[in-house]
Amino acid sequence: MFWIACIFMGLIFIYRPLGDTSMDASVYVERIEAGYANTDNSLSDVIESAYSTGSTTPDIYERILVYLVSRFTGNGHIFFAIGAMIFGFFYSRNLWYIFDRLPAKVGFYIGISIIFFMYINPMHTVGGIRMNTALHVFAYGAMPFILEKDKSKTIWCLLAPLFHFSFIAATAMFLVYLLLPKRDTIILPLFILYIITFFINSLNLESVNMFLKQYTTQEILESKIDGYANTNAAISRMEHFKEYNAFIQFMRSYSKYLVFFIMLSCSYCWLKVRTKATTRLFAFSLLFFSFANIASSIPSGSRFINIGLMFLTPLYIFNMVIIKTNLYNKLKYCALLWIPSIVLAIRIDFGSFGITALVTNFLTTPFFETDVPLIVFVKQLLYV
């Protein structure tokens, strides 16, 4: 049922709120509309174009999805419904993989943590169909291997870069993890590495640019490096970020410190009580956030924090399940740190869906279309 609900949310997703065409979601719909009007291209042409000279998008998932959907419709809602079907498959499997390993009854503080886990990369992110689908694809492959040494899904870690090129880095971190010794002694050096990288606040982007280009001969990857490891791009993004309200600007810094305090609580738990599974999950979380701390100094690099949270949050939840009552009472209040992020995610929900989320279903949605988000109605009620 949850998977079906994901498809419905994709169907009613507002990809041009109040007519705004600047969002990535609107760009995808423009490609659908153009593809539906021009059926000359073949699937092989689409795949070849992804790796041709001058291409700026080396991942092919979105290109193939746009091509296939545009063969029979130019409707953006149908496109996002199909995208949500794929997104929702991995999203729902990731959620229930964790839920199935929890006791039937959980307390208030674990409940808050579960809600936060659901909101790390929820349905309102379907508009960023490449990056956010890739996140769940990667977690779908990595989590079973890390927790239970289940190799049956690890192929999805390797396929994640086909959904979004940046997951080349995430996949590399997973491969590094495979090379690490799976012993308790690895935790201390990884923890030290995490602490060191936490205090890295800036990087010389031009040096990063030159370093990365030494290891690629592909023009398409070089164009991506220029786009992200670029001083002008960083300045532009900082100026754009100033346009957001104070709460969103606060949350940008808050997320890094949130991870820091949760990581400290997990460290304390690990010293007191641990299992082989939580040790492996802790090791991967430390390794990945050591990388994410550095990557967050690069424009758009903060996206890696969400990937890491897909592993750190279950670690915190599992710790709260296995620890003794006296330790639980000491650490349970850390769960309250999730609340500002949950509030922000719900606010984004209200900006991504309209009244159709409340009054329609699969059968009636085609007769009701709106580009007015729910947040508009909420603001009208508040300011009447």
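Just so you know, these numbers come straight off a predicted model, no measurement behind them.
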State the [atom1]-[atom2] distance between [X] and [Y], to the nearest 0.5 angstrom.
X	Y	atom1	atom2	answer
F288	F304	CZ	CZ	6.0 Å
L309	L135	CG	CG	9.5 Å
F8	F353	CZ	CZ	9.5 Å

Mind checking salt bridge (Lys or Arg N to Asp or Glu O under 4.0 Å) for [X] and listing every partner two or more places apart, or none if nothing turns up?
X	value
E33	R16
R274	D184
E148	R101

Give a yes or no on this: more than 12 heavy atoms of other residues, nucleotides or ligands lie within 6.0 Å of atom [atom1] of [X].
X	atom1	value
F72	CZ	yes
K149	NZ	no
R183	CZ	no
Y254	OH	yes

So, [X] side chain and [Y] main chain: donor-acceptor pair closer than 3.5 Å or not?
X	Y	result
N319	L315	yes
H136	N121	yes
S70	I32	no

Handout entry: Sole residue of F145, W96, F90 in ring-ring contact (aromatic ring centres under 6.0 Å, His included) with Y140
Key = F90
Practice task
Let me know which of Y15, F368, Y28 forms a ring-ring contact (aromatic ring centres under 6.0 Å, His included) with H77.
Solution key: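 Single pass found, and it is Y15.
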Handout entry: Evaluation steps, side chain to side chain donor-acceptor pair (under 3.5 Å), between W270 and T278
Key = CA-CA 8 Å; W270 184 83; T278 57; 5.6 Å; no
Problem - Check: I342 and I112 side chains under 4.5 Å, non-hydrogen atoms - result: yes
Completion exercise
For L95, the side chain to side chain contact (heavy atoms under 4.5 Å, CB included) test, sequence neighbours excluded, returns F2, Y91, F99, F117, M118
Handout entry: Residues forming a side chain to side chain contact (heavy atoms under 4.5 Å, CB included) with A277, sequence neighbours excluded
Key =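 Side chain to side chain contact (heavy atoms under 4.5 Å, CB included) list for A277, sorted by chain: L147, T275, R280.
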Output a table of donor-acceptor pairs, distance under 3.5 Å, between side-chain atoms of residues 152-159 and any protein atom two or more places apart or on a different chain; print 'none' if there are none.
unit_1: S152; atom_1: OG; unit_2: D150; atom_2: OD1; d: 2.7
unit_1: S152; atom_1: OG; unit_2: D150; atom_2: OD2; d: 3.3
unit_1: T154; atom_1: OG1; unit_2: K151; atom_2: O; d: 2.9

Problem - Cation-pi, Y67 ring and R63 (6.0 angstrom, 45 degrees) - result: no
